[in-house]
Amino acid sequence: PIAPPVAPPVTPPVATPVATPIATPVATPVATPVTPVGSPANGEGPNCFSGENKVEVQGKGEIAMSALQVGDFVRTSNNKFTRVFSFGHLDRESEADYLQIYYHSGDDDPPLEISAAHLVFTNGKAVAAEQVRVGDVLDGKEHNQKVAVTSIVTIKRRGLYAPFTESSDLLVSGVLASNYVAILDQKTVPYQHALAHAVVAPTRIVCSITPEFCQSESHENGISSLYWPIVQAADRLGAMNSWIQLVVSVLVLPFLAVFVALEQIVLLLATRSTAVAVLVATTATTIGAYITLFHSRRCRSKTVKTLLS
């Protein structure tokens, strides 16, 4: 017998293993710090507020910084208003980089847009905006109100505005900010606000006596003609060694104190209030009394000497 043919065993097909795709880790993007125009890092450019900021003006309500004018009374802390007597920097066409500082205050306030070297207040201390970090607290609208910074980015805006007020500060987008910028090294930053305010005292005196003079101020390259020599001197001082800056600042303080004292006298005389009249009369009477007393003592002394001789 012939054996029937046996079919060869069929090997079942083996599935070729397919490699499971492994997700390639993607690096989390890290924000590269941008040096805004006018920061001490590049040593040039404007130091101002953007026109998008909001300010509260007496009789007008909340307006854009770009609409603020010399003569307006703008809100500062504790529900007070202070007069804008000049613009240290005003350029509506140029573009600049600003720090856009977001914060939590409980109100629907827009972010503060400010140049890196401009001074803001934290716990009553003036610091450059570039020194502010997320989590820091800034001085807000009301007395002792603090607002916590939640994020900081950079943004480019058209327009540069630096209003000067009689009180040296103003509320900008809900944050208390200085009129001035940090020009000197970081060692002297806490004193720069008061120092700059004293430097501007002569201009405030002139503007308080003749407001029309400051209302007609001109701006060259965005800088007020009233402060161009001061800006040039400040730039030269800022380029010096930090210790030289400190020494020069101390040396000029007595001269600046004279202008500040003169400003206070002018302001008191300008008010012409009853209290000022009483103060002046009392001071004059006291001085007169001392002169009379001194003169009478001298006369008595001479009389006694004559009698004894």
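The chain is numbered in sequence order, starting from 1. These numbers come from a predicted model, not from an experiment.
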### Pair F164-Y180, ring-ring contact (aromatic ring centres under 6.0 Å, His included): steps then yes or no
CA-CA 8 Å; F164 282 2; Y180 313 114; 5.4 Å; yes
### Query
Can you find a side-chain donor-acceptor pair between D169 and S178 that sits under 3.5 Å?
no
### Query
Does the side chain of Q100 come under 3.5 Å of the side chain of Y102 through a donor N or O and an acceptor N or O?
yes
### Salt-bridge contact D72-R83 (side-chain N to carboxylate O under 4.0 Å)
no
### Donor + acceptor pair across side chains of N179, S168 (<3.5 Å)
no
### Query
Does the gap between the ring centers of F121 and H193 come in under 6.0 Å?
yes
#### Entry: Under 3.5 Å donor-acceptor, D139 side chain and N123 backbone
yes
### Message
Using 0.5 Å steps for rounding, measure from the OG atom of S50 to the CZ atom of R158.
### Response
13.0 Å
### Query
Cluster question for you: counting only ILVMFWY and a side-chain heavy-atom cut-off of under 4.5 Å, with indirect links fine, are L171 and V149 together?
no
### Query
From K54 NZ over to M65 CE, what is the distance, rounded to the nearest 0.5 angstrom?
11.0 Å
### Query
Would S224 and E217 count as having a side-chain donor-acceptor pair, cut-off 3.5 Å?
yes
### Query
Charged N to carboxylate O below 4.0 Å: is that the case for E95 and R157?
no
### Task
Please step through ring-ring contact (aromatic ring centres under 6.0 Å, His included) for the pair H118 and F49, ending with a clear verdict.
CA-CA 8 Å; H118 211 105; F49 302 103; 4.4 Å; yes
#### Entry: Cluster check L176, V57: I/L/V/M/F/W/Y, side chain < 4.5 angstrom
no
### Query
Does one hydrophobic cluster hold both F81 and L170, with members joined at side-chain heavy-atom distances below 4.5 Å?
no
#### Entry: Backbone N/O of T82 and side chain of S167: donor-acceptor pair under 3.5 Å
no
### Query
Are the side chain of Q131 and the backbone N or O of V127 linked by a donor-acceptor pair below 3.5 Å?
no
### Query
When you measure from the side chain of N53 to the backbone N and O of E113, does any donor-acceptor pair fall under 3.5 Å?
yes
### Query
Under 6.0 Å between ring centres, would you say that holds for H89 and Y161?
no
### Query
Under a 4.5 Å cut-off applied to non-hydrogen side-chain atoms, are K60 and Q69 in contact?
yes
#### Entry: Backbone of E212 reached by a side-chain donor or acceptor of T210 within 3.5 Å
no
### Query
If you round to the nearest 0.5 Å, how far is SG of C48 from CZ of F87?
10.5 Å
### Query
Are F73 and V172 in one and the same hydrophobic cluster, where Ile, Leu, Val, Met, Phe, Trp and Tyr link if side-chain heavy atoms are under 4.5 Å apart?
no
### Heavy-atom side-chain proximity of V132 to V120 below 4.5 angstrom
yes
### Query
Any link between Y98 and V153 through a network of hydrophobic side chains (Ile, Leu, Val, Met, Phe, Trp, Tyr) touching at under 4.5 Å?
no
